Amino acid sequence: MALIDANNFYAACEQSFDPSLLGRPVVVLSNNDGCIVARNPEARALGICMGTPYFRIRQKLERLKVVVRSSNYALYGDMSQRLMRSLESHCEELEIYSIDEAFVRLSRPCDFNLRDWACRLRSLVYRNLGLPIAVGFGANKSQAKLANYLAKVVPANAGIFNFLTLSDREKRELLENVAVEELWGVGPKLARWCRSRGVCTARQFRDMSSGQLLSKYGVVGLRLQSELRGVVCWPIAKTAAPKKETCVSRSFGQPITSLEDLQQAIATYVVRAGEKLRRQRQLAGALTVFIRTSAFSSPFYSESATVQFHMPSNDTGVLLTASIPLVKKIFRPCCRFTKAGVLMHHLQGAEHLQQSLLLESTLEDQKRRERLMTAIDRLNGRYGRGTIGWAVCGTESDSTWSMRRDQLSRAFTTCLDDVPIVMA
DNA sequence: TCTGGGGTCCTAGGACCC
DNA sequence: TCTGGGGTCCTAGGACCC
């Protein structure tokens with residue numbers, strides 16, 4: 001099994017389409033230009049940390065001449081698809097784990113040279129997409145994750161590391177040099193608990209008492225430990241499990257104080273959520289709206305309201321009708337709202353819809369609405385989002401709340417007007 | 001002034017059943 | 001004095017991931 005991921009994925013995507021950034025420090029910001037979420041090695045070398053709020057570090061970045069980019073998910077999402085397609089054609093099974101990484105399974109003879117295979121794959125991906133990748137081999141997901149980490153942090157490994165070929169003694173020595181918090185699945189809480197018991201390295205974690213781990217961290221901790229010992233606890237999932245919930249939420253570019261603006265923002269998120277549901281071929285059984293003020297200033301206010309549907313739906317009209325009264329219900333005047341969102345839950349496959357005895361709409365009505373939604377999705381897909389909009393969302397130009405993206409690069413791969421032009 | 005977004009899994013505890 | 005046993009389902013909250 002192998003874990004393959006792109007190094008500094010967002011920053012690498014930016015550099016791939018703007019060669020003038022090569023060799024320069026680059027950081028990418030989260031939505032709303034909030035925090036640093038990606039850094040290339042040059043930026044890392046300057047001591048810029050992940051998660052730092054942008055406003056705190058802005059002047060330093062300017063002084064150090066660091067290139068700053070807003071998140072461009074149209075670009076990263078499309079580059080991700082290209083990367084996954086490329087990986088898929090070189091292995092037997094692929095599980096997409098996140099936007100920039102995948103677990104893969106290879107069936108090769110025992111004497112097959114995995115390193116050569118990984119080398120060729122790295123060159124190919126770099127040539128076609130301009131993205132550097134790292135490849136880690138292990139007996140299971142946790143080991144592959146660890147191998148991938150070592151492929152990246154040890155320069156001599158040059159982006160490839162194989163845990164499978166190590167002897168027991170070599171494994172032991174290697175794990176002795178990995179801090180416990182670097183293990184996949186060990187977060188800050190568990191790491192603190194481990195360290196307080198003198199378990200500071202991956203080797204000590206692997207060899208610690210399973211009973212202690214079970215009592216503190218349940219079966220999840222135990223599985224992680226078993227995988228480090230070589231057992232497979234999390235097999236590769238070839239097909240993605242259907243989602244159980246889907247959320248659309250954003251921080252606002254400026255705080256919202258009026259009910260009208262808040263309703264407009266929520267309506268915009270509901271429309272996005274409807275699109276997601278239809279793309280996933282799912283229906284929502286319930287919808288929650290949540291709003292909140294800044295967690296960094298008082299008084300803090302956070303509230304949510306939920307509605308259950310008589311009949312699960314992914315019809316934007318139904319979702320909007322249900323959500324707007326909820327906003328009114330939880331809105332408080334004099335609050336400066338900084339974030340809101342909608343959560344779709346009790347999701348079920350669109351193909352198994354239980355009809356309701358209580359609803360007046362006929363099956364024919366529902367079919368007509370489905371065709372309407374499909375038509376809207378197609379038009380927006382073909383001519384750009386917002387080609388067919390919903391009046392309740394307002395327009396982009398009159399929204400004061402849409403998120404800040406002051407340093408957005410272009411949609412190089414998904415918008416014809418933004419395709420780079422190379423002068424011969 | 002300004003601090004991301006979108007998920008999953010697990011467990012404990014409450015409500016309820018017979 | 002003593003107040004059952006065994007189960008399901010749901011939700012909230014915690015922890016983790018990228």
Side-chain angles (χ1 to χ4, degrees), chain A residues 3-10 27-38 49-59 61 68-73 76-77 80 95-103 141-142 145 148-149 180-194 213-224 233-234 237 240-255 269 272-273 276-277 280 282 285-286 288 290 292-297 300 302 304 306 308 336 338-347 400-401 403-406:
Chain A
L3 176 74
I4 304 175
D5 75 349
N7 306 348
N8 337 298
F9 181 58
Y10 297 170
V27 299
V28 179
L29 305 175
S30 63
N31 269 335
N32 214 29
D33 290 349
C35 301
I36 309 273
V37 291
C49 296
M50 276 295 264
T52 313
Y54 177 47
F55 75 92
R56 274 203 200 136
I57 202 179
R58 187 177 191 150
Q59 288 185 331
L61 297 179
V68 178
R69 288 281 182 266
S70 301
S71 285
N72 183 347
Y73 286 102
Y76 313 148
S80 171
E95 177 188 339
I96 297 173
Y97 178 65
S98 76
I99 192 163
D100 74 332
E101 64 190 308
F103 289 104
K141 286 184 174 177
S142 304
K145 265 280 196 188
N148 178 283
Y149 164 79
V180 68
E181 37 277 281
E182 301 300 343
L183 290 172
W184 182 49
V186 175
K189 279 271 168 77
L190 180 57
R192 252 201 316 280
W193 179 82
C194 287
L213 195 56
L214 179 67
S215 65
K216 170 66 184 175
Y217 208 58
V219 295
V220 179
L222 217 53
R223 283 181 192 147
L224 170 55
C233 300
W234 289 292
K243 291 201 186 306
K244 295 169 182 173
E245 51 186 37
T246 277
C247 175
V248 177
S249 77
R250 297 280 183 279
S251 292
F252 303 132
Q254 290 172 33
Y269 304 160
R272 281 284 301 126
K276 277 170 110 172
L277 288 176
Q280 292 161 200
Q282 288 185 306
T288 295
F290 64 89
R292 66 175 211 216
T293 61
S294 170
F296 300 94
S297 57
F300 177 61
S302 171
S304 66
T306 300
Q308 310 273 342
R336 288 162 55 81
T338 56
K339 183 174 176 177
V342 292
L343 190 61
M344 303 287 159
H345 29 182
H346 301 169
L347 301 191
T400 55
W401 46 266
M403 64 184 177
R404 270 194 307 273
R405 292 202 286 181
D406 292 338

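Sequence lines set the chain letters: A, B, ... in the order given, protein chains first and strands last, and positions in each chain run from 1. Given the structure is predicted, the values throughout are model-derived calculations rather than measurements.
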| message | Output the rounded distance in Å from CZ (A:Phe290) to P (C:dA12). | response | 15 Å

| When we call it a touch if two heavy atoms are under 4.0 Å apart, what does A:Glu101 touch: a base, just sugar-phosphate, or nothing? | sugar-phosphate

| Under 4.0 Å: is that the gap between some side-chain N or O of A:Ser251 and OP1 or OP2 of B:dG5? | yes

| request: With DNA chain B as reference, determine whether A:Leu343 or A:Phe296 sits nearer its 5' end, using the nearest nucleotide of each. | output: A:Phe296

| field | Closest listed nucleotide, where the reference is the side chain of A:Phe55 and the choices are C:dC18, B:dC2, B:dG7 | value | B:dC2

| request: Measure the distance from CG on A:Asp33 to P on B:dT1 and round it to the nearest whole Å. | output: 18 Å

| request: Quick one: the dot-bracket string of DNA chain B, using Watson-Crick and G-U wobble pairs with both distances under 3.5 Å, [ ] for crossing pairs and | for bases paired to another strand. | output: ....||||||||||||||

| note | From the candidates C:dC18, B:dG6, B:dT8, the one with an atom nearest any side-chain atom of A:Val248 is B:dG6

| task | Please tell me which of the listed nucleotides, B:dG6, B:dC10, B:dG7, lies nearest to the side chain of A:Lys243? | result | B:dG7

| query | Between A:Arg404 and A:Gly253, is there a donor-acceptor pair closer than 3.5 Å when you use the side chain of the first and the backbone of the second? | reply | yes

| field | Sugar-phosphate only, base, or nothing, as touched by A:Tyr54 at under 4.0 Å among non-hydrogen atoms | value | nothing

| query | When rounded to the nearest Å, what value does the distance between C1' atoms of C:dG4 and B:dC16 take? | reply | 16 Å

| message | At less than 4.0 Å, is any side-chain N or O atom of A:Lys145 found next to OP1 or OP2 of C:dC18? Yes or no. | response | yes

| query | Within the structure shown, what part of the strands sits under 4.0 Å from A:Asp100 by heavy-atom distance: base, sugar-phosphate, or nothing? | reply | sugar-phosphate

| task | Whole angstrom is fine here: how far is it from CG in A:Leu347 over to P in B:dG7? | result | 9 Å

| Does a side-chain N or O from A:Lys276 land closer than 4.0 Å to OP1 or OP2 of B:dG7, or not? | yes

| said: Over all strands shown, is A:Pro255 touching base, sugar-phosphate only, or nothing at heavy-atom distances under 4.0 angstrom? | reply: nothing

| field | Gap between atoms CG and P, on A:Asp406 and B:dG4 respectively (whole Å) | value | 16 Å

| field | Flag, side chain of A:Gln282 to backbone of A:Pro242, donor-acceptor distance under 3.5 Å | value | no

| message | Counting the atoms with a prime plus P, OP1 and OP2 as sugar-phosphate, which does A:Thr246 contact under 4.0 Å by heavy atoms, base, sugar-phosphate, or nothing? | response | sugar-phosphate

| message | Please report the distance, rounded to the nearest Å, between CG in A:Leu214 and P in B:dC10. | response | 13 Å

| Candidate nucleotides B:dG4, C:dC16, B:dC10, ranked by approach to the side chain of A:Val220 - the nearest | B:dC10

| task | Using whole Å, report how far NE2 of A:His346 lies from C1' of C:dC10. | result | 9 Å

| task | Report the distance from atom NZ of A:Lys189 to atom P of C:dC16, rounded to the nearest whole Å. | result | 7 Å

| request: For A:Glu245 and for A:Val37, locate the closest nucleotide of DNA chain B by heavy-atom distance; then report the residue assigned to the nucleotide nearer the 5' terminus. | output: A:Val37

| note | Sequence neighbours excluded, the answer for ring-ring contact (aromatic ring centres under 6.0 Å, His included) partners of A:Tyr54 is none

| message | Is the phosphate of B:dG5 approached by A:Lys339 (side-chain N or O, under 4.0 Å from OP1 or OP2)? | response | yes

| task | Give a yes/no answer on whether the side chain of A:Arg250 brings an N or O atom under 4.0 Å of OP1 or OP2 in B:dG6. | result | yes

| task | Could you check whether the rings of A:Tyr269 and A:Phe252 sit parallel, tilted or perpendicular, using 30° and 60° as the cut-offs? | result | parallel

| message | Please confirm whether the ring centroid of A:Tyr97 lies under 6.0 Å from the ring centroid of A:Trp184. | response | yes

| task | Determine yes or no for a side-chain-to-main-chain donor-acceptor pair under 3.5 angstrom, with A:Lys276 supplying the side chain and A:Cys247 the backbone. | result | yes

| request: Would you classify A:Arg56 as touching base, sugar-phosphate or nothing, given that sugar-phosphate means primed atoms plus P, OP1 and OP2, and contacts are heavy atoms under 4.0 Å? | output: base

| request: Select base, sugar-phosphate, or nothing to describe what A:Lys216 touches, counting heavy atoms under 4.0 Å on all strands. | output: nothing

| task | With heavy atoms under 4.0 Å as the rule, sort A:Leu190 into base, sugar-phosphate or nothing. | result | sugar-phosphate

| query | Rounded to whole angstrom units, what separation is found between the CH2 atom of A:Trp184 and the C1' atom of B:dC9? | reply | 12 Å

| A:Arg250 CZ to A:Arg272 CZ distance, which is reported to the nearest 0.5 Å | 7.0 Å

| request: With heavy atoms under 4.0 Å as the rule, sort A:Arg223 into base, sugar-phosphate or nothing. | output: sugar-phosphate

| field | Atom pair OG/CG of A:Ser71 and A:Asn31 - distance to nearest 0.5 Å | value | 5.5 Å

| said: I'd like to know if the side chain of A:Ser142 reaches the main chain of A:Leu224, judged simply by a donor and an acceptor atom lying under 3.5 Å from each other, with no hydrogens or angles considered. | reply: no

| Within less than 4.0 Å of OP1 or OP2 of B:dG6, is there a side-chain N or O belonging to A:Ser249? | yes

